[in-house]
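Scope of the values below: all heavy atoms of this structure, side chains included, with no hydrogens, waters or symmetry mates. Naming: A, B, ... by sequence-line order, numbering from 1 per chain.
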Amino acid sequence: IILQTYRAIADYEKRSGSEMALAMGDVVDVVEKGQSGWWFCQMKTKRGWVPASYLEPLDSPDEAEDPEPNYAGEPYVTIKAYTAAMEDEVSLQQGETIEVIHKLLDGWWVIRKDNITGYFPSMYLQKAGE
Amino acid sequence: IILQTYRAIADYEKRSGSEMALAMGDVVDVVEKGQSGWWFCQMKTKRGWVPASYLEPLDSPDEAEDPEPNYAGEPYVTIKAYTAAMEDEVSLQQGETIEVIHKLLDGWWVIRKDNITGYFPSMYLQKAGE
Amino acid sequence: IKQPPSNPPPRPPAEARKKP
């Protein structure tokens, strides 16, 4: 079966459980065209990168998923400079050696340099010696 | 492969082409958990009834899809009363015989009763004699 | 496929009525 593909020309809010909401621009496959003007549709599968911090597990949303911290610290080197945007972040130049204390799943790791501790983007870190 | 399912805890707007927007409450399958905190996700397929008038074909969106009108009219009977909500609609009681002039795909058909013409919900009409 | 809603769908949105 080849389904016809349509695009939503306006937002539509659901008014009952069997309906599907539409955002203008959404692309759908039409499964059934009811004579009543109600068409049964399936949203085209969307895929892409999203920030992990915006997600919680569907089951057991309160269970911690982050790994345990490692207070001994694991040596890493910064591969790109970053200037703290918030108070709990750390500013570092490229090429600085630091210790990673906690590899949080949202990609903002807790690092330690000398006496300073704070968050730093894991994307700008590389294991020392690699 | 069994993918883990997560729920979006807040809206997220895309900032680049490879990202996916999230609406709070969206349910996603996680395909890949990047250490950077960017997770590659796939939106759970949504299905449901939507109004046809909110959709246009992806290809040739300006081509007419509605059937041709039949000015001779086709006899139908109302199976439920309806009171016009807009000026171009017709109010009718249950059990009235009318003529259907144009069976538009959005489910609001053009009907004629005596000298009055206007829109009426096809859902409340049944072919005369059935 | 579940049953369709029991009320008629809304009239076309303003965006549709703009079309010739």
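Interface remark: A/Leu105 contributes backbone and side-chain atoms alike to the contact with chain B (heavy atom separation under 4.5 Å). Interface remark: B/Val50 contributes backbone and side-chain atoms alike to the contact with chain A (heavy atom separation under 4.5 Å).
Considering every non-hydrogen atom in both A/Cys41 and B/Leu55, the closest pair reads SG-CD1, 3.8 Å.
Atom CG of A/Leu3 is surrounded by more than 12 heavy atoms from other residues, nucleotides or ligands within 6.0 Å.
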Inter-chain polar pairs, chain B versus chain A: which donor-acceptor atoms lie under 3.5 Å apart?
from     : atom 1 : to       : atom 2 : distance (Å)
B/Thr5   : O      : A/Leu58  : N      : 3.0
B/Tyr6   : OH     : A/Glu65  : OE1    : 3.2
B/Tyr6   : OH     : A/Glu65  : OE2    : 2.5
B/Arg7   : N      : A/Glu56  : O      : 2.7
B/Arg7   : O      : A/Glu56  : N      : 2.8
B/Arg7   : NH1    : A/Glu56  : OE2    : 3.0
B/Ile9   : N      : A/Tyr54  : O      : 2.8
B/Ser18  : O      : A/Trp49  : N      : 3.0
B/Met20  : N      : A/Trp49  : O      : 3.1
B/Gln35  : O      : A/Ser122 : OG     : 3.0
B/Gly37  : O      : A/Ala52  : N      : 2.8
B/Trp39  : N      : A/Val50  : O      : 2.9
B/Trp39  : O      : A/Val50  : N      : 2.9
B/Cys41  : N      : A/Gly48  : O      : 2.9
B/Cys41  : O      : A/Gly48  : N      : 3.0
B/Gln42  : OE1    : A/Arg47  : NE     : 2.7
B/Gln42  : OE1    : A/Arg47  : NH2    : 3.3
B/Met43  : N      : A/Lys46  : O      : 2.8
B/Lys46  : O      : A/Met43  : N      : 2.8
B/Arg47  : NE     : A/Gln42  : OE1    : 2.7
B/Arg47  : NH2    : A/Gln42  : OE1    : 3.4
B/Gly48  : N      : A/Cys41  : O      : 3.0
B/Gly48  : O      : A/Cys41  : N      : 2.9
B/Trp49  : N      : A/Ser18  : O      : 2.9
B/Trp49  : O      : A/Met20  : N      : 3.1
B/Val50  : N      : A/Trp39  : O      : 2.9
B/Val50  : O      : A/Trp39  : N      : 2.9
B/Ala52  : N      : A/Gly37  : O      : 2.8
B/Tyr54  : O      : A/Ile9   : N      : 2.8
B/Glu56  : N      : A/Arg7   : O      : 2.8
B/Glu56  : O      : A/Arg7   : N      : 2.6
B/Glu56  : OE2    : A/Arg7   : NH1    : 2.9
B/Leu58  : N      : A/Thr5   : O      : 3.0
B/Glu65  : OE1    : A/Tyr6   : OH     : 3.2
B/Glu65  : OE2    : A/Tyr6   : OH     : 2.6
B/Ser122 : OG     : A/Gln35  : O      : 3.0

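Looking only at heavy-atom pairs under 4.5 Å with chain A, the residue among B/Pro121, B/Gly48, B/Gly37 that has the most is B/Gly48.
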